[in-house]
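All figures in this text were calculated on a predicted structure; none of them were measured in a lab. Along the sequence shown, residues are numbered consecutively beginning with 1.
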Amino acid sequence: MVVMKMAMSDGINKYTMAFYCNALSSLALLPCPFIISRRSGSCPLTFSVFRKIFLLALVGFASQMSGFVGIDYSSPVLGTALMNLIPAFTFILAIFSRMEKVNWKSSSSQAKLVGTIASILGAFLVTLYKGPPLHRSPLPPASVQPHRLLFVLSRQSNWILGGFLLAAEAFLMSLAIIVQALILKNYPMVMNIMFYVMFFQTIFSGLLSFVIVREPQSWILKVDVGLIAILYSALVAGVFRLTLGIWCLKRTGPVFVSMFQPLGTVFAVVLGFIFLGEKLHIGSLIGATVIVMGFYAVVWGKSKEEEKAIEGSGVGESLASSSDKIPLLQDKASSV
């Protein structure tokens, strides 16, 4: 988010940047379907799976554009703070989709519920209450200090609108995680899924850009921070991060994958302070603290449920082994 904010502040159009990011990600993933389809044991791509992948691409595109517009109106600190809502949203959606079992009488389920509510309240706090700055930020280096950078980052930012758009991005990302889990049950080809998703997102972003962007110079790329942002967003934040997330989702589950999102808040605060000269406001600090506390309450509840599941499986195995032995003893007794 810090790199994207720097590029937008330098003048790059957010819609064309989304198109170039998706197109570059599609080109990077283009060989995957041809390589994987030649392997033995590859799953066929049915029409039902194809529809789910199309839905995933549509949700991902909506999430991407909400994030781009939201970060343009606000700041990376607010963006990463609201991304901490992903565990809470994923937990709620996992309950509705029956991927997560809940026992409201247990302490672990109550902790997850309280943590989810705390995360949502913290998101409202960090969005609606900015508060006074906690410190004076240093000036950014000359190489990343365009004339309008601090002007855009301060009074002209539409903080509340940007916050709601970033909260919508968090919800859509949670929905994407649930859809990914549903797709992986029938089609566990991670790289193929990523290629088709990026391909459809390229089409969506291209159509939107051709309709909205009228200036021809907005399509011209220069060797500056905008090009760096496109390369980073496409290859690192797009191909690498999303592919790694789907790979982990395939082996763990949607709630576990979303648990590591709050770490981005720390990185955004540090990088935004160093490279963008952003001020840390007390509202962002309090709200982010509430969100992180809610996040760890969900983590604690999840870990307790896993411990009970392991203990239950151990008891079940011991009972099964003892029941296997009883008929042998009874046979010997009857033979005597």
hydrophobic_cluster_shared for [Y] and [X], side chain cutoff 4.5 Å:
X: M293; Y: L113; answer: no
X: L27; Y: Y232; answer: no
X: V114; Y: Y296; answer: no
X: M191; Y: I193; answer: yes
X: M17; Y: I203; answer: yes

| request: Quick one: do T202 and S26 satisfy side-chain hydrogen bond (donor to acceptor under 3.5 Å, both in side chains)? Show the steps, please. | output: CA-CA 8 Å; T202 302; S26 300; 3.0 Å; yes
Do you know which two heavy atoms are closest between [X] and [Y], and how far apart they sit?
X: A118; Y: G294; result: CB-CA, 3.9 Å
X: G115; Y: A297; result: CA-CB, 3.7 Å
X: L235; Y: A28; result: CD2-CB, 4.1 Å
X: S25; Y: A234; result: OG-O, 2.9 Å
X: I86; Y: S174; result: O-OG, 3.1 Å
X: K304; Y: S108; result: CB-CB, 3.8 Å

| query | Hey, does the side chain of Y196 reach the backbone of A57 with a donor-acceptor pair shorter than 3.5 angstrom? | reply | no
Would you say the side chain of [Y] lies within less than 4.5 Å of the side chain of [X], judging by non-hydrogen atoms?
X: N192; Y: I53; result: no
X: S209; Y: W219; result: yes
X: L208; Y: F19; result: no
X: N186; Y: T46; result: no
X: F50; Y: Y187; result: no

Roughly how far, to the nearest 0.5 Å, is the [atom2] atom of [Y] from the [atom1] atom of [X]?
X: L221; Y: I230; atom1: CG; atom2: CD1; value: 4.5 Å
X: M194; Y: L56; atom1: CE; atom2: CG; value: 8.5 Å
X: L207; Y: I212; atom1: CG; atom2: CD1; value: 11.0 Å
X: S97; Y: L175; atom1: OG; atom2: CG; value: 9.5 Å
X: L184; Y: K52; atom1: CG; atom2: NZ; value: 10.5 Å
X: T90; Y: I177; atom1: OG1; atom2: CD1; value: 4.0 Å

| message | So, using side chain to side chain contact (heavy atoms under 4.5 Å, CB included) as the criterion, who are the partners of L172 when residues are at least two apart? | response | V59, A62, S63, S66
| field | Contacts of K14 that satisfy side chain to side chain contact (heavy atoms under 4.5 Å, CB included) - sequence neighbours left out | value | M8, F68, V69, D72
| said: Would N22 and Q64 count as a side-chain hydrogen bond (donor to acceptor under 3.5 Å, both in side chains) here? Give the steps. | reply: CA-CA 10 Å; N22 293 327; Q64 183 185 45; 2.9 Å; yes
| task | List for me each residue that meets salt bridge (charged side-chain N to carboxylate O under 4.0 Å, His left out) alongside K222, sequence neighbours excluded, and say none if there are none. | result | none
| field | F47 ring center near F54 ring center (under 6.0 Å) | value | no
| request: Please lay out, stage by stage, how F200 and L58 fare under the test side chain to side chain contact (heavy atoms under 4.5 Å, CB included). | output: CA-CA 8 Å; F200 284 128; L58 188 61; over 6 Å; no
